[in-house]
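Have a look at the structure below before the remarks.
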Amino acid sequence: MIRVRFAPSPTGALHIGGARTALFNWLFARHHGGKFILRIEDTDRERSTQESNQAIFRGLDWLGIDWDEGPNNGGPFGPYFQTERLAIYHDYAQKLIAAGQAYHCFCTPEELAVKRAAAEARKEPPRYDNSCRRLAPEEVQQRLARGDKHVIRFMLPAAGESIVEDLIRGRVVFKNEVLDDFVLVKSDGFPTYNFACVLDDHLMEISHVIRGDDHLSNTPRQILLYQAFGWGLPRFAHIPMILGKDRARLSKRHGATSVIAYNDIGYLPDAMINYIAKLGWGHGDQELFSRQELIESFSLEGVTKNPAIFDLDKLNWLNGQYIRNILPERLVDLCEPLVVAKYGRQDFTYLSRVIRLFQDRLVLIPDIVNLCGYFFEKVTAYDPKGAEKYFKKDNAKAILSALGQRLGQLDPFVKEHIEAVFKELAKEMNLKLGEVIHPCRLAISGRTETPPMYDVVELLGKEQVSARIQSALAYL
RNA sequence: GGCCCCAUUGUCUAACGGCUAGGACGCGACCCUCUCAAGGUCGAGAUAGGGGUUCGAUUCCCCUUGGGGCUACCA
């Protein structure tokens, strides 16, 4: 049974890197018909917050990544919040102590800082000096009874190597001597990441640990723990990180990092999924993937080793692709609130026809607001360059006035007839079609670029078109 | 500092020892066209550097350089 997990720590919103780790795990599970588990690693009491939990749920929800076991829906291996599993960590820590593979350490953070500084001054690696290993059992009992602050440390095997057989990177060997007696349980009684992670992955029967590259160096410590407990290892797959434009780890400095912020900016979740799936993974030359196609094609073999830079250009292109491909009704649903917020309540039929006119012209959903204004508001200004070009001509007045007159008499006011009016007028006045259309466009929209003119004229309606042409004539 | 990972156009990537190093975004030109988009065609643009191994290296090995990670009572 394939069982994978996404294990974020709730110290902020779900961001791009986390979202992709979640996605790869989810795709892997869905591809193999396995289970995808969400586990919240909230053992950092200082930084974990309830709001972050919610933000992570919302982010996953927005992306459409659902979990088979985890918070809210539970599961047979719960609880899925690490802070609710404290008794488990405590038990296993005691087992390790009893087996002589872990010990109590009473060194204070201050003492450790001094030792570390001294080691660095001697140009030695800043490792723990194992001093508490040698404490007499009586002294340990005494200090424990006294309630002295302490941590529990892992007793590192003296020598040997820890070998990570990584599904993406191949065999990676670490010498145990470069590690030190790392902390398993903090003085507040909470487990550290490496300890809780191993226990939970084992207890939750995780088969594949798919996680960011930043954990590769942690893996030897974890392997040592699996071995101390006599447990088999899960398969490991370390995926490359996502970096910002400056090749540094993605952070606030790189703009929007939380996945939900992209919703607010106007990206579609499917476009985001498609984009982050392709960051560090590929399948031939295919660029566009539906969810179903991603599930079908995804495999760890297709994952690259090199870090990827998060670049908005391709996301923008993808978003445009997705906007063009969604059902017009759905586009209307997405755009309506924004348009209403800006221009007030509108007749729905009219509003939805307007929005559909712009389906090929949006990169981001909110682009609609700035493109469609003249359909809801009077034209109060003319594009200066356009006015210079189309209104300053000698025949501008004649064209607009003739056009206004004919359109004013047109009945029914429909596209085919409107088109005929423009064509006939151009012919009669011995003008190119554009010479009629351009001034008209400027007159009725104030702009030099709009959707095709006959559509705009028809949708705006006879009354508006006539009025706007009159205003333009007055302006001339 | 020590250990580990990574290295193909500006960006995402393909080529898993063998054609003129392929595709996508972006960029430029052209076509379409009433404008803007969309769409189509074409173009510029890369194997970080140096050593090996080999008949032959993007591909395998080593060194250098560059970037990233871990080295916490963060995860």
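So that the names make sense, note that chain A is the first sequence line, chain B the second, and so on, each numbered from 1. Everything numeric in this text was worked out from a predicted model, so none of it was measured.
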Classify A:Thr448 by what it touches in the nucleic acid, base, sugar-phosphate, or nothing, heavy-atom distance under 4.0 Å. base

At 4.0 Å (heavy atoms only), tell me whether A:Glu41 reaches a base, stays on the sugar-phosphate, or touches nothing. sugar-phosphate

Whether over 12 other heavy atoms sit under 6.0 Å from A:Asn430 CG: no

What is the nucleic acid contact for A:Arg127, judged by heavy atoms within less than 4.0 Å: base, sugar-phosphate only, or nothing? nothing

Considering every strand and a 4.0 Å limit on heavy-atom distances, what is the contact class for A:Arg47: base, sugar-phosphate, or nothing? base

Both distances under 3.5 Å, Watson-Crick or G-U wobble: report the partner of B:C70, or none. B:G2

The side chain of A:Asp44 lies closest to which of these nucleotides: B:C36, B:A75, B:C73? B:A75

Tell me what A:Gly280 touches on the nucleic acid: a base, only sugar-phosphate, or nothing, going by heavy atoms under 4.0 Å. sugar-phosphate

Contact class for A:Glu301 (heavy atom, under 4.0 Å): base, sugar-phosphate, or nothing? nothing

Strand partner of B:A44, provided both Watson-Crick or wobble distances fall under 3.5 Å: none

Tell me which nucleotide among B:C12, B:A75, B:C73 gets nearest to the side chain of A:Ser9. B:A75

Between the side chains of A:Thr192 and A:Asn194, does any donor sit under 3.5 Å from an acceptor? no

Where each residue is assigned the nucleotide of RNA chain B containing its nearest heavy atom, which of A:Asp285 and A:Asp180 is assigned the position nearer the 5′ end? A:Asp285

Under a 3.5 Å cut-off for both distances, is B:A24 Watson-Crick or wobble paired, and to whom? B:U11

Classify the nucleic acid contact of A:Thr11 as base, sugar-phosphate or nothing, counting any heavy atom under 4.0 Å across all strands shown. nothing

Need one value for A:Arg116: base, sugar-phosphate or nothing, where a base atom within 4.0 Å counts as base even if backbone is also close, heavy atoms only. sugar-phosphate

For the ring pair (Phe, Tyr, Trp, His ring centres under 6.0 Å) test, which of A:Tyr322, A:Phe298, A:Trp281 pairs with A:Phe289? A:Trp281

Phosphate OP1/OP2 of B:G67: any A:Arg249 side-chain N/O under 4.0 Å: no

Listed by chain and number, what are the side-chain contact (heavy atoms from CB on, under 4.5 Å) partners of A:Ser299, not counting sequence neighbours? A:Glu301

Determine the contact category for A:Val151: base if any of its heavy atoms lies under 4.0 Å from a base atom, sugar-phosphate if only primed atoms, P, OP1 or OP2 are that close, otherwise nothing. base

At under 4.0 Å between heavy atoms, what does A:Pro451 touch on the DNA or RNA strands: base, sugar-phosphate, or nothing? base

Judged by nearest nucleotide, the residue sitting upstream toward the 5' end of RNA chain B, A:Leu315 or A:Cys105, is A:Leu315

Which word best sums up how the rings of A:Tyr454 and A:Phe422 line up, parallel for under 30°, tilted for 30 to 60°, or perpendicular for over 60°? tilted

Cationic tip of A:Arg153 above A:Tyr128 ring, under 6.0 Å, 45° of axis: yes

Side chain of A:Asp214, base of B:A75: donor and acceptor closer than 3.5 Å? no

Examine B:A72: is either OP1 or OP2 under 4.0 Å from a nitrogen or oxygen in the side chain of A:Arg221? Give yes or no. no

Plane angle bin for A:Tyr267 and A:Tyr262 - parallel if under 30°, tilted between 30 and 60°, otherwise perpendicular: tilted

Between A:Arg5 and A:Asp200, is the salt bridge (Lys or Arg N to Asp or Glu O under 4.0 Å) condition met? List the steps. CA-CA 10 Å; A:Arg5 76 332 188 252; A:Asp200 288 344; over 6 Å; no

Send over the distance from A:Asp311 CG to B:C25 P, rounded to a whole Å. 13 Å

If you check the A:Asp313 side chain, which of B:U11, B:A14, B:C25 turns out closest? B:C25

Is there any protein nitrogen or oxygen under 3.5 Å from a nitrogen or oxygen in nucleotides 3-6 of chain B, and what are the pairs?
from	atom 1	to	atom 2	distance (Å)
B:C5	O2'	A:Arg169	NH1	2.6

